[in-house]
Amino acid sequence: MTTAQPTPLELRLSAFIDGEAGEQERHEVEALLVNDPQVRALHDEIKRGSDAARRAFDDLLKEPVPLDLVRGIRNADLPRKAIRLPDAPSVMRQFKPSGWQAFVGCVALFAVGSGVGYLLGSNPAMPQLSAISAHGSINRDWLDDVIAHYRLYARQTTHLAEIPADRPADILEWLTTNTGVSFRIPDLASSGLTFQGARLFAAEGIPVGQLLYRRTSGDGDPDVIVLSFTKSRPEGNRSVEEIRNDTGLVSWVTPLATYVAIGPSSAADLEDIAAKAAGLI
Amino acid sequence: MNDIRRDLVALLPRLRRFALTLTSTAVEADELVRQATAQAIGKSYLWKGEGRIENWLFSLIRTTHADELKKRLRRGEPVAARDTTRGNIGARNVLDLDEDWSSALLLVDVEGFSYSEAAAIMGVSSETIASCLCAARLNLSVMGSETSERRA
């Protein structure tokens with residue numbers, strides 16, 4: 001293979017062919033092509049090389065692409081995308097105690113501090129309390145109940161919903177009355193989801209409404225995506241985005257209710273669905 | 001939501017053709033495309049939908065290839081010789097060229113990138129692209145003439 005560096009004239013002609021020459025340069029090259037047969041021959045030679053490259057690369061495009069490459073791309077998981085969901089509203093309170101209030105507060109704090117100190121000092125069994133509270137913190141929370149219901153019903157083909165989708169008025173009345181949350185049934189057709197119906201169940205003793213959707217487009221299995229809602233809970237007053245037992249959760253809160261979008265962990269667009277539902281529900 | 005996987009499958013033959021200009025064998029090219037497409041899917045949030053997605057994907061393939069070459073050099077592995085049995089005689093001629101020349105030819109003559117776009121993809125200056133392109137065209141022209149003479 002020749003590795004000779006092109007001459008300045010060859011470079012000018014090559015750039016001229018590609019339309020990369022400036023206006024003055026273009027006029028000069030055009031004049032050379034008209035007046036000099038050797039320059040014309042060189043121009044044609046470069047053009048022949050260019051045409052040969054096009055033909056050769058066109059032939060390469062006809063080679064079959066390995067099927068496993070196509071499958072690898074089709075089956076790849078999309079990355080999870082950070083979407084800003086509505087946060088819990090922060091309550092702004094002004095804290096301006098008067099002198100008298102400040103004095104009472106100080107006395108009360110002193111009394112509480114003395115009491116706690118006395119208890120700690122006189123009762124050596126106190127460390128057991130921390131063990132009890134630590135045990136409590138690893139207990140199941142209401143979201144585990146929500147997931148358990150999702151996993152129980154997501155595989156159902158004939159008993160997916162308690163009230164089917166063709167009775168929207170019944171669904172609205174039943175769930176609003178029992179959960180105390182007024183809502184709309186979001187249309188998530190743009191995410192390929194068809195509304196299937198609704199259910200009511202209890203999570204940690206509090207009623208939870210559940211709107212069930214089935215994915216009707218796409219190449220994969222028909223996933224079931226669920227929107228659950230309940231009255232605001234003190235422990236649910238924060239947005240959660242996590243995966244538990246192969247189930248994806250995205251939750252958001254409003255002043256009156258806590259909402260959770262639930263789907264299989266493979267549903268890469270769960271945050272998208274949650275963001276859409278947050279605006280529609 | 002635009003699914004990048006659809007774009008990648010549609011562009012796969014062209015991505016693979018570009019990878020062939022960088023690598024020595026078709027097997028290496030396929031592996032390079034596999035790595036680059038996996039990266040593209042993983043970083044799809046970086047693609048904002050402005051301009052041609054091909055610029056980003058070709059660039060990703062070139063940088064993935066450069067990283068792989070560096071790794072091999074560090075491990076002391078030899079770089080495989082070009083497979084000279086690929087495709088028909090025309091394809092062999094373009095793939096036998098120096099890899100920079102071959103890539104420049106593909107990007108400008110076939111994919112229609114400007115010198116500056118091709119330079120950005122290849123991580124070199126526009127002057128280098130112009131020089132590689134001109135040298136590659138002259139070589140191909142000579143190879144074509146020699147082949148015609150042999151046939152005659």
Side-chain angles (χ1 to χ4, degrees), chain A residues 1-15 17-21 42 44-66 68-82 190-192 218-219 268-269 271-273 276, chain B residues 1 3-6 8-9 12-17 20-21 26 30 33-34 37-38 40-45 86-98 101-102 105-106 108-111 114-116 126-127 129-145:
Chain A
M1 186 170 63
T2 315
T3 53
Q5 191 70 16
T7 64
L9 177 62
E10 288 166 344
L11 283 172
R12 287 174 77 189
L13 289 171
S14 184
I17 289 169
D18 294 322
E20 294 271 349
L42 192 54
D44 292 345
E45 192 182 336
I46 294 171
K47 195 94 180 50
R48 264 200 307 278
S50 181
D51 294 340
R54 263 189 218 111
R55 280 195 303 273
F57 280 123
D58 281 348
D59 286 344
L60 270 181
L61 208 55
K62 291 171 192 160
E63 279 188 15
V65 174
D68 61 324
L69 266 181
V70 180
R71 272 197 217 109
I73 293 170
R74 283 209 175 124
N75 297 334
D77 288 332
L78 285 171
R80 289 201 170 266
K81 193 169 61 176
S190 59
S191 298
D219 304 329
D269 57 349
E271 294 93 335
D272 257 347
I273 293 168
K276 276 182 203 160
Chain B
M1 185 177 65
D3 190 339
I4 193 172
R5 292 172 298 191
R6 279 182 215 148
L8 288 173
V9 170
L12 203 48
R14 286 165 61 199
L15 300 181
R16 186 172 180 269
R17 182 172 64 178
L20 282 169
T21 67
D30 291 341
V33 172
R34 193 187 323 278
T37 50
I41 293 167
K43 296 178 178 175
S44 55
Y45 56 90
R86 293 186 281 185
N88 60 23
I89 192 159
R92 279 204 295 277
N93 282 348
V94 286
L95 295 177
D96 275 353
L97 295 170
D98 185 281
W101 292 12
S102 185
L105 264 182
L106 174 67
V108 176
D109 268 346
V110 184
E111 295 290 349
S114 67
Y115 284 9
S116 58
S126 295
E127 289 73 26
I129 289 290
S131 178
C132 288
L133 196 55
C134 183
R137 285 166 173 172
L138 288 167
N139 262 270
L140 272 185
S141 182
V142 171
M143 282 182 196
S145 307

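Just so we're clear, the structure is a prediction, and the values are computed from it rather than from any experiment. Below, chain A is the first sequence line, B the second, and so on; all start at residue 1.
- Using a 4.5 Å cut-off between heavy atoms, B:S114 contacts chain A through both its backbone and its side chain.
- With sequence neighbours excluded, the residues that form a side-chain contact (heavy atoms from CB on, under 4.5 Å) with A:L11 are A:P6, B:S131, B:C134.
- Note that CG of A:D18 and CG of B:D109 are 6.0 Å apart. Values are rounded to the nearest 0.5 Å.
- The shortest heavy-atom contact between B:V94 and A:A53 is CG1-CA, 4.0 Å.
- With chain B as partner, the option from A:P66, A:G72, A:A15 having the largest number of non-hydrogen pairs under 4.5 angstrom is A:P66.
- Distance CG/B:L8 to CD1/A:I73: 5.0 Å, rounded to 0.5 Å.
- The CG atom of A:L69 lies 5.5 Å from the CG atom of B:L12; values are rounded to the nearest 0.5 Å.
- Residue A:L42 holds its CG atom at 6.5 Å from CG of B:L138, rounded to the nearest 0.5 Å.
- Interatomic distance, A:S50 OG to B:L140 CG, rounded to the nearest 0.5 Å: 9.0 Å.
- Counting heavy atoms from C-beta outward, B:V33 and A:V65 have side chains that stay 4.5 Å or more apart.
- Of the inter-residue distances, the one linking A:R48 atom CZ with B:R137 atom CZ reads 13.5 Å to the nearest 0.5 angstrom.
- The side-chain contact (heavy atoms from CB on, under 4.5 Å) test with A:L60 singles out one residue from B:V110, B:T21, B:L95, B:L106, and that residue is B:L95.
- When the candidates A:E45, A:E20, A:R54 are compared by the number of heavy-atom contacts under 4.5 Å with chain B, A:E20 comes out ahead.
- Partners of A:L61 by side-chain contact (heavy atoms from CB on, under 4.5 Å), not counting sequence neighbours, listed by chain and number: B:P13, B:R14, B:R17.
- Within the 4.5 angstrom heavy-atom criterion, only side-chain atoms of B:R16, from C-beta onward, approach chain A.
- For A:D44, no part lies under 4.5 angstrom from a heavy atom of chain B.
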